[in-house]
Amino acid sequence: GAGVSQSPSNKVTEKGKDVELRCDPISGHTALYWYRQSLGQGLEFLIYFQGNSAPDKSGLPSDRFSAERTGGSVSTLTIQRTQQEDSAVYLCASSLQGPNTEAFFGQGTRLTVV
Amino acid sequence: TQLLEQSPQFLSIQEGENLTVYCNSSSVFSSLQWYRQEPGEGPVLLVTVVTGGEVKKLKRLTFQFGDARKDSSLHITAAQPGDTGLYLCAGRDSGTYKYIFGTGTRLKVLA
């Protein structure tokens, strides 16, 4: 696609429910990143994919968070048993591989846990 | 742990003033990017700097990468209300290729 696409754009869920967030990267981009941004704050790294593998998942805050990527393209971030502190904007970015390439972001999914 | 500290955290200025935002780290990065983010949107890339000492200009914006590739600055000349937003620097880790984001500078330019 022309840009990184994330869905849904907004999600309101009840505490304790599971949610899935989707990211469609730019076609041909082998690297995919998930970040979390709390209101007005900087970006917190969650996980990085190179192809379908995740060489760095050090930012996942707990075992309730998981992510997968299939076919080297679409990625899904799953949050199980959501808590109110999970409320944030979840941003996905993709890039070509290489040291000096640039990351392009989607518009994010605003998750609200009530 | 790699960290990127930005300063100032908040900045409110009048239209026409100049400003500089700083991005500092103790780590060396293979490249550094600057992004601007507006409410409800994802960050949008402004520039990438790669070489130590490099200076890039984008209209009224001037970006500089430190000689040691550990720090960077963004200078805006004659700021306009359209410059309002959250400015983020991001360093690309040379080993993992992970992007480490700075803490952000929230700029408000008053007409």
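Proteins come first, then strands; the chains are lettered A, B, ... in the order of their sequence lines, and each starts at number 1.
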> So, for B:G42 and A:L91, which heavy atoms are closest and what is the spacing to 0.1 Å?
Replying inline: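 Closest pair (atom of B:G42, atom of A:L91, distance): CA-CD2, 3.9 Å.
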
>> Show the nearest heavy-atom pair for residues A:T101 and B:R92, with the distance to one decimal.
In response: OG1-NH1, 2.9 Å

>> Any side-chain to backbone donor/acceptor pair from A:Y35 onto B:Y99? Under 3.5 Å, distance only.
In response: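 At least one qualifying donor-acceptor pair exists.
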
Does atom [atom1] ([X]) have a neighbourhood of more than 12 heavy atoms from anything else shown, all under 6.0 Å?
{"X": "B:Q9", "atom1": "CD", "result": "no"}
{"X": "A:K57", "atom1": "NZ", "result": "no"}
{"X": "A:R110", "atom1": "CZ", "result": "no"}
{"X": "A:E85", "atom1": "CD", "result": "yes"}

> Which atoms of A:S9 come close to chain B, meaning under 4.5 Å heavy atom to heavy atom: side chain ones, backbone ones, both, or neither?
Replying inline: neither

>> What part of A:Q37 gets within 4.5 angstrom of chain B, counting heavy atoms only: side chain, backbone, both, or neither?
In response: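 A:Q37 touches chain B through side-chain heavy atoms alone.
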
> What part of B:Q37 gets closer than 4.5 Å to chain A, counting heavy atoms only: side chain, backbone, both or neither?
Replying inline: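 When you check distances to chain A, only side chain atoms of B:Q37 fall under 4.5 Å.
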
>> When you group the ILVMFWY residues by side-chain heavy-atom contacts below 4.5 Å and let the links chain together, are B:V49 and B:I76 in the same group?
In response: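 Yes: a chain of side-chain contacts under 4.5 Å links B:I76 to B:V49.
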
> Side-chain heavy atoms under 4.5 angstrom apart, residues restricted to Ile, Leu, Val, Met, Phe, Trp, Tyr: same cluster for A:L32 and A:I26?
Replying inline: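 Different clusters: A:L32 never reaches A:I26 through Ile, Leu, Val, Met, Phe, Trp or Tyr contacts under 4.5 Å.
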
>> Return the CG to CG distance between A:L43 and B:L86, rounded to the nearest 0.5 Å.
In response: 8.5 Å

